[in-house]
A.B. asks: 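The structure under discussion is supplied below as structure tokens; questions concerning it will follow.
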Amino acid sequence: MDGCVFCRIIEGESPAYRVLEDEHCLAFLDIAPASPGHCLVVPRRHVRDLWEISDETHQDVSHMVHRVAALLRTALAPDGMNVNNSTGEAGGQEVPHFHTHVVPRWHGDSLRPIWAGRRATPGDLERILSKLRDVRL
């Protein structure tokens, strides 16, 4: 896709610190890492976000995420790992090409999930559950 920074990286037109790749996906180090070893996994086929990705391509990404997590665990020995995808501007997606963050975590690293400290009331949960049950996919 014209102008997509991740497509340019995939095509070798822009530099990246490539970690792993196969015929379906590419994993590379994030240039603004949340922690050392923070990687992005992107499908080679341009797809905007979670709402547009096919089941098959999502499976390919998931497989690569699993491989990257294993690599990071072996090489960096983190205490844990976060795997995250953001969809849409409101969700924090900055690049309109589906990507998954694989972030090594260590005790005391001070990173906090975006949902840390939040708590829903039972009434809130019941209202959401009611709306979800009304939808048929």
Side-chain angles (χ1 to χ4, degrees):
M1 173 167 225
D2 290 342
C4 175
V5 64
F6 290 168
C7 286
R8 289 195 309 269
I9 289 171
I10 291 163
E11 295 301 320
E13 298 168 2
S14 290
Y17 296 89
R18 293 169 179 250
V19 173
L20 284 175
E21 55 189 298
D22 63 20
E23 64 274 17
H24 305 291
C25 298
L26 171 65
F28 53 93
L29 293 173
D30 193 315
I31 62 170
S35 70
H38 177 170
C39 290
L40 300 177
V41 176
V42 301
R44 289 186 179 276
R45 176 180 304 148
H46 182 85
V47 60
R48 184 173 194 73
D49 56 31
L50 184 61
W51 292 322
E52 291 186 8
I53 197 167
S54 69
D55 286 346
E56 180 182 14
T57 301
H58 196 260
Q59 288 173 359
D60 293 335
V61 171
S62 181
H63 178 72
M64 181 62 76
V65 164
H66 195 257
R67 290 178 61 203
V68 169
L71 175 66
L72 292 170
R73 183 178 192 194
T74 300
L76 302 178
D79 299 318
M81 192 83 59
N82 284 134
V83 176
N84 178 269
N85 164 263
S86 299
T87 290
E89 185 178 334
Q93 184 178 10
E94 295 178 356
V95 178
H97 185 125
F98 182 88
H99 56 287
T100 300
H101 297 261
V102 184
V103 183
R105 298 294 306 274
W106 287 269
H107 293 293
D109 64 15
S110 76
L111 296 176
R112 291 179 46 104
I114 57 174
W115 53 86
R118 300 178 196 268
R119 189 113 175 132
T121 67
D124 291 338
L125 296 172
E126 287 295 334
R127 280 188 290 282
I128 295 298
L129 184 58
S130 176
K131 289 180 180 184
L132 295 174
R133 285 182 174 156
D134 289 343
V135 175
R136 297 290 174 248
L137 298 177

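Just the heavy atoms: all of them, side chains too, but no hydrogens, waters or symmetry mates, feed the values below. Treat the numbers as computed from the prediction; the structure is a model and nothing was measured.
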A.B. asks: Which atoms form the tightest heavy-atom contact between D49 and F98, and what is the distance?
C.D. replies: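 In terms of heavy atoms, the two residues are closest at C-CD1, 3.7 Å.
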A.B. asks: Where do A34 and L111 come nearest, in terms of heavy atoms and distance?
C.D. replies: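 Taking every non-hydrogen atom into account, O-CD1, 3.5 Å.
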A.B. asks: If you measure from CG on L40 to CG on N84, what distance do you get to the nearest 0.5 Å?
C.D. replies: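 L40 CG to N84 CG: 10.5 Å, rounded to 0.5 Å.
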A.B. asks: Please check if V95 and Y17 belong to a single hydrophobic cluster, counting links between Ile, Leu, Val, Met, Phe, Trp and Tyr side chain heavy atoms closer than 4.5 Å.
C.D. replies: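 No: no chain of side-chain contacts under 4.5 Å links V95 to Y17.
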A.B. asks: What closest approach, in Å, do C39 and V19 show between heavy atoms, and which atom pair accounts for it?
C.D. replies: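 Taking C39 first and V19 second, the nearest heavy atoms are SG-CG2, 3.9 Å.
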A.B. asks: Which pair of non-hydrogen atoms, one from W106 and one from L76, has the smallest distance, and what is that distance?
C.D. replies: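 Smallest heavy-atom distance, with atoms named: CZ2-O, 3.7 Å.
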A.B. asks: Do M81 and V102 come within less than 4.5 Å of each other through their side chains, counting heavy atoms only?
C.D. replies: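 Yes, at least one pair of side-chain atoms sits under 4.5 Å.
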A.B. asks: Return the set of residues passing side-chain hydrogen bond (donor to acceptor under 3.5 Å, both in side chains) with D124 (not counting sequence neighbours), or none when no residue passes.
C.D. replies: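 With sequence neighbours excluded, D124 shows a side-chain hydrogen bond (donor to acceptor under 3.5 Å, both in side chains) to T121, R127, given in chain and number order.
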A.B. asks: Applying side-chain contact (heavy atoms from CB on, under 4.5 Å) to L129 and R133, what does each step give before you reach the verdict?
C.D. replies: CA-CA 6 Å; L129 184 58; R133 285 182 174 156; 3.3 Å; yes
A.B. asks: Taking E21 for its side chain and L26 for its backbone only, find out whether a donor-acceptor pair lies under 3.5 Å.
C.D. replies: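 Side chain of E21 to backbone of L26: no pair is present.
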A.B. asks: Give, for atom SG of C25 and atom NE2 of H63, the distance between the pair rounded to the nearest 0.5 Å.
C.D. replies: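 Spacing of SG (C25) from NE2 (H63) equals 9.0 Å.
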A.B. asks: Sub-3.5 Å donor-acceptor pair from the side chain of S130 to the main-chain atoms of E126, do we have one?
C.D. replies: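 No, S130 side chain to E126 backbone: no donor-acceptor pair under 3.5 Å.
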A.B. asks: State plainly whether one hydrophobic cluster holds both V65 and V103, where clusters connect Ile, Leu, Val, Met, Phe, Trp and Tyr through side-chain heavy atoms under 4.5 angstrom apart.
C.D. replies: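 They do not share one cluster, since no chain of ILVMFWY contacts under 4.5 Å joins V65 to V103.
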A.B. asks: Let me confirm one number: the OG-CD distance from S54 to E52, rounded to the nearest 0.5 Å.
C.D. replies: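 Between atom OG of S54 and atom CD of E52 there are 11.0 Å.
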A.B. asks: Under 4.5 Å between side-chain heavy atoms, hopping through other hydrophobics if needed: is there a path connecting V61 to V68?
C.D. replies: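 Linked, V61 and V68 end up in one cluster.
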A.B. asks: Would you say L29 and V42 are hydrophobically clustered, going by side-chain heavy atoms of ILVMFWY under 4.5 Å?
C.D. replies: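 No, no single cluster joins them.
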A.B. asks: Any chance CG of D134 has more than 12 other-residue heavy atoms, nucleotides or ligands included, within less than 6.0 Å?
C.D. replies: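 Atom CG in D134 is crowded, with more than 12 foreign heavy atoms closer than 6.0 Å.
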A.B. asks: Show every salt bridge (charged side-chain N to carboxylate O under 4.0 Å, His left out) that has at least one partner inside residues 71-90, sequence neighbours left out.
C.D. replies: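 Applying salt bridge (charged side-chain N to carboxylate O under 4.0 Å, His left out) to every pair that reaches into residues 71-90, excluding sequence neighbours, yields nothing.
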A.B. asks: What is the minimum heavy-atom distance between H46 and C7, and which atoms define it?
C.D. replies: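 Closest approach of H46 to C7: ND1-SG, 3.3 Å.
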A.B. asks: R105 side chain to S35 main-chain N or O, any donor-acceptor pair under 3.5 Å?
C.D. replies: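 Side chain of R105 to backbone of S35: no pair is present.
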A.B. asks: Rounded to the nearest 0.5 Å, what separation is found between the CD atom of Q59 and the CG atom of D55?
C.D. replies: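 Reported to 0.5 Å precision, the distance equals 6.5 Å.
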A.B. asks: Are I53 and V41 connected, step by step, through hydrophobic side chains (Ile, Leu, Val, Met, Phe, Trp, Tyr) whose heavy atoms are closer than 4.5 Å?
C.D. replies: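 Yes, one cluster joins them.
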A.B. asks: Please report the closest heavy-atom contact between I9 and A16, naming both atoms and the distance.
C.D. replies: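 In terms of heavy atoms, the two residues are closest at CG2-CB, 3.4 Å.
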A.B. asks: Is it true that a side-chain atom of H97 and a backbone atom of P43 form a donor plus acceptor pair closer than 3.5 Å?
C.D. replies: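 Yes; judged by distance alone, with no hydrogens or angles, the pair exists.
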A.B. asks: So, N85 side chain and H99 main chain: donor-acceptor pair closer than 3.5 Å or not?
C.D. replies: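 Yes; at least one donor-acceptor contact below 3.5 Å.
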A.B. asks: In terms of heavy-atom contacts, does CG of L132 have more than 12 from other residues, nucleotides or ligands at under 6.0 Å?
C.D. replies: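 Above 12, so yes.
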A.B. asks: With a 6.0 Å cut-off (strictly less than), is the heavy-atom count around CZ of R44, excluding the residue itself, greater than 12?
C.D. replies: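 Atom CZ in R44 is packed in, count exceeds 12.
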A.B. asks: Any donor and acceptor pair, going by atom type alone, linking the side chain of R45 with main-chain N or O of H24 inside 3.5 Å?
C.D. replies: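 A pair under 3.5 Å: no.
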A.B. asks: What is the distance from atom CE of M64 to atom CG of D22, rounded to the nearest 0.5 Å?
C.D. replies: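 Between atom CE of M64 and atom CG of D22 there are 3.5 Å.
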